[in-house]
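Data block below; observations after.
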Amino acid sequence: MRYWLLKSEPGVFGIDDLAAAPRKTEHWDGVRNYQARNFMRDDMRKGDRAFFYHSNCAQPGIAGIVEIVRESYPDRTAFDPESEHYDPRSAPDTPRWFMVDVKLVRRLKRVIPLAELKAHDALRDMPLVRRGNRLSVMPVTAMQWDTICSME
DNA sequence: GCCAACGTTGGC
DNA sequence: GCCAACGTTGGC
């Protein structure tokens, strides 16, 4: 099993939204970055776990843990001209963008703030805490995972 | 709201 | 294939 971190803006889709979804499960759509897509499409497996990270908000940080419950399949929002994630270069027979389904495992007891993650020596190699990083789907090592869980 | 950092686009 | 211009991300 691998570990991941998924970023989302809580104003768009936050952990409260996932908690309120049927079976606490939702598709993770809208990824439009190739590196992030490749991680999701090629390396994510059912049963993997991921941190749910809140970005671009008042309290950026890790809010919860989710499980990958469906492996990658075409992101249908790319086919929909009405969607803000529409991409005319992606077609159903030659999909360019993919999504997975995630299920909420649990919220953390508190949102672990980005500032604390940045301050922790064991986490300095995480893309998340590196300057200018914009990757929205990234792998997390077992050691980083355990470190973060211990900060809860 | 600002702006640095980054990825993508498109002319050449 | 280069690289300047542009749009987006996301912390602060």
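Labels below follow one simple rule: chain letters A, B, ... track the order of the sequence lines, proteins then strands, and each chain is numbered from 1. The structure presented is a predicted model; accordingly, all values stated were derived computationally and were not measured.
Distance, A:Glu116 CD to C:dG11 P: 15 Å, rounded to whole Å. The distance from atom CG of A:Asn38 to atom P of B:dG7 is 13 Å, rounded to the nearest whole Å. Look at CG on A:Leu117: it is 11 Å from P on C:dC12, rounded to the nearest Å. A:Tyr34 has its OH atom 17 Å from the C1' atom of C:dT9, to the nearest Å. As a whole-Å value, the separation of A:Leu135 CG from C:dG11 P is 13 Å. Taking atom CE on A:Met138 and atom C1' on C:dG10, their separation rounds to 12 Å, with Å as the unit. C:dG10 atom P lies 8 Å from atom CG of A:Asn133, rounded to whole Å. Look at CG on A:Asn33: it is 7 Å from C1' on B:dG7, rounded to the nearest Å.
At C:dC12, one or more side-chain N or O atoms of A:Lys118 fall inside 4.0 Å of OP1 or OP2 (strictly under the cut-off). When the side-chain nitrogen and oxygen atoms of A:Lys7 are compared with OP1 and OP2 of C:dT9, none of them lie within a distance under 4.0 Å. Between A:Tyr53 and C:dT9 there is no side-chain N or O to OP1 or OP2 distance below 4.0 Å.
For the segment residues 54-65 of chain A, the set of residues with a heavy atom within less than 4.0 Å of an atom of DNA chain C comprises A:Ser55, A:Asn56, A:Pro60, in numerical order. Non-hydrogen atoms lying under 4.0 Å from DNA chain C are contributed by nothing in residues 79-100 of chain A.
Counted by atom type alone, A:Arg96 and A:Tyr34 present one or more donor-acceptor pairs between their side chains at under 3.5 Å.
The shortest distance between side-chain heavy atoms of A:Met138 and A:Asn133 falls below 4.5 Å.
Side-chain N or O atoms of A:Glu67 include none that pairs as donor or acceptor with a backbone N or O of A:Lys103 at under 3.5 Å. Here the side chain of A:Arg32 pairs a donor or acceptor atom with the backbone of A:His85 at under 3.5 angstrom. Without hydrogens or angle criteria, A:Asp75 side chain to A:Gly30 main chain gives a donor-acceptor distance under 3.5 Å. For the pair A:Asn38 (side chain) and A:Gln35 (backbone), a donor-acceptor distance under 3.5 Å is absent.
Under the salt bridge (charged side-chain N to carboxylate O under 4.0 Å, His left out) criterion, A:Arg45 pairs with A:Glu71, sequence neighbours left out.
Tested against A:Trp28 for a ring pair (Phe, Tyr, Trp, His ring centres under 6.0 Å), the candidates A:Phe39, A:Phe98, A:Trp4, A:Phe52 yield a single pass: A:Phe52.
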Side chain to side chain contact (heavy atoms under 4.5 Å, CB included) evaluation trace for A:Val129 with A:His120:
CA-CA 10 Å; A:Val129 303; A:His120 206 299; over 6 Å; no
